[in-house]
Participant: 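Shown below is the structure under consideration.
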2 protein chains.
Amino acid sequence: MANQLPQLDQVFAALADPTRRAIVMRLCAGEASVGELAEPFEMALPSFMKHIHVLEVSGLVQSEKSGRVRTCRLSPDALVGAEDWFQHQRAIWEARLDRFEAYVMKLKKERAAAKRLSKTTDKTTNKPSKRKGAE
Amino acid sequence: MANQLPQLDQVFAALADPTRRAIVMRLCAGEASVGELAEPFEMALPSFMKHIHVLEVSGLVQSEKSGRVRTCRLSPDALVGAEDWFQHQRAIWEARLDRFEAYVMKLKKERAAAKRLSKTTDKTTNKPSKRKGAE
DNA sequence: CTTATAGTTAGCTACATGGCTAACCAATTA
DNA sequence: TAATTGGTTAGCCATGTAGCTAACTATAAG
């Protein structure tokens, strides 16, 4: 489990801006020229180009110029890499929740057993459950 | 398709920093005090606290102070929200890929048909080069 | 009561980011 | 060849971010 590629820094930073997320969403539907991409935004072209550049540096977008028009396309690897990070965290989180739940269940049973013991009149099934550890 | 909740801005911005990602990863394994969280980092406490604050504003982390110790825990909703964004984009992307593949298949068949046809009629300039399909 | 612990507040610096205008190529098109 | 189109470069400005030190507050612990 080595440390995350620094790529993640750039990818998340790129996605932190609504303009850039919109560009990514647009490119999910297919490639487009800079002009086409810029058209919906009320922003000077040089400003818009900076966003494109940030996306390229992050690896989310590739572009290529032919003639005088630059065509941009999504390069999904970086996107998938970031998604993986989430899934990994969620896996750890859920494993923890499972352990926690198991722990709570164990507590419940122990408390129930203690209660039964204190009553001395009631006898019921006392089965030890699988314990998976606690925190 | 309304615009994304502004939450996403903060969540992605929060995750764009390796220190903060490390904190989130640590909190996936269970809650911890600020001191415990700060310990692995060679950073002055006030600097570290800023990171905690960014995480709280983003909704990724909640904290609560009792006595003189502040305990932090992950609040997974924001994390899940961001993960959803990825899955949504990927769904669109994959749908597009499917359409594209279908389109290429159709092209292939048409070209094969055209080739068969031209072989019987015209033998002069038949270019068998692979050309990239466009949209 | 005194001291140590755990954060917190205030205020500073340096650099990154997001926006702009103006001027500048380099391919098309007329 | 001249004009237009599609991007690009350069440079400016305001704001935001990440780090620091120093000084402060409030709860434990001795």
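Numbers restart at 1 for each chain; the letters A, B, ... are given by sequence-line order, proteins then strands.
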Participant: Measure from CD on A:Glu39 to P on D:dT5 and round the result to the nearest Å.
Facilitator: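 Rounding to the nearest Å, CD of A:Glu39 and P of D:dT5 are 16 Å apart.
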Participant: Between C:dA6 atom P and B:Leu37 atom CG, what is the distance in whole Å?
Facilitator: 13 Å
Participant: Can you measure A:Phe48 atom CZ to D:dT9 atom P for me and round it to whole angstrom units?
Facilitator: 16 Å
Participant: Using whole Å, what does the distance between atom P of nucleotide C:dA10 and atom CE of B:Met49 come to?
Facilitator: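 It works out to 13 Å between those atoms.
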Participant: If I compare all heavy atoms of A:Ala32 with all of A:Arg26, which pair ends up nearest, and what's the gap?
Facilitator: CB-NH2, 3.4 Å
Participant: Could you report the tightest heavy-atom contact between B:Ala22 and B:Phe41, atom names first, then the distance?
Facilitator: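 Smallest interatomic distance, heavy atoms only, reads CB-CZ, 3.7 Å.
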Participant: Nearest whole angstrom, please: distance from the C1' of C:dG18 to the CD1 of A:Ile23.
Facilitator: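 Result: 13 Å.
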Participant: For C:dC20, does OP1 or OP2 lie under 4.0 Å from any side-chain N or O of A:Ser47?
Facilitator: yes
Participant: Any side-chain N or O of A:Arg68 less than 4.0 Å from the OP1 or OP2 oxygen of D:dT4?
Facilitator: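 False: A:Arg68 side-chain N/O out of range (4.0 Å or more) of D:dT4 OP1/OP2.
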Participant: Using heavy atoms to find the nearest nucleotide of DNA chain C for B:Thr71 and A:Arg20 separately, return the residue whose nucleotide is more 5′.
Facilitator: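 Its nucleotide being nearer the 5' end, the pick is B:Thr71.
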Participant: Can you tell me the distance, in whole Å, between the CE atom of B:Met43 and the P atom of D:dG19?
Facilitator: 4 Å
Participant: What closest approach, in Å, do B:Phe12 and A:Leu15 show between heavy atoms, and which atom pair accounts for it?
Facilitator: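 Minimum heavy-atom contact is CD1-O, 3.3 Å.
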Participant: Contact class for B:Thr19 (heavy atom, under 4.0 Å): base, sugar-phosphate, or nothing?
Facilitator: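 The residue B:Thr19 makes no contact with any strand.
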Participant: For A:Glu64 and A:Arg70, indicate whether the former's side chain and the latter's backbone hold a donor-acceptor pair under 3.5 Å.
Facilitator: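 The answer is no, because no donor-acceptor pair under 3.5 Å joins these two groups.
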Participant: Could you pull out the closest heavy-atom pair between A:Ser58 and A:Val11, with the gap in Å?
Facilitator: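 Closest heavy-atom pair between A:Ser58 and A:Val11: O-CG2, 3.5 Å.
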Participant: Let's see if you get this right: which residues in residues 51-64 of chain B place a heavy atom under 4.0 Å from DNA chain C?
Facilitator: none
Participant: Look up atom CD in A:Glu56 and atom CE in A:Met49, then write down how far apart they are to the nearest 0.5 Å.
Facilitator: 7.5 Å
Participant: Can you measure A:Lys50 atom NZ to D:dG7 atom P for me and round it to whole angstrom units?
Facilitator: 18 Å
Participant: Where each residue is assigned the nucleotide of DNA chain C containing its nearest heavy atom, which of A:Pro46 and A:Asp17 is assigned the position nearer the 5′ end?
Facilitator: A:Asp17
Participant: Would B:Arg90 pass as a cation-pi partner of B:Trp93, given that its NZ or CZ must be under 6.0 Å from the six-membered ring centre and within 45 degrees of the axis?
Facilitator: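 No, a cation-pi geometry is absent between B:Arg90 and B:Trp93.
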Participant: Expressed in angstrom and rounded to an integer, what is the separation of B:Leu45 atom CG from D:dT21 atom C1'?
Facilitator: 13 Å
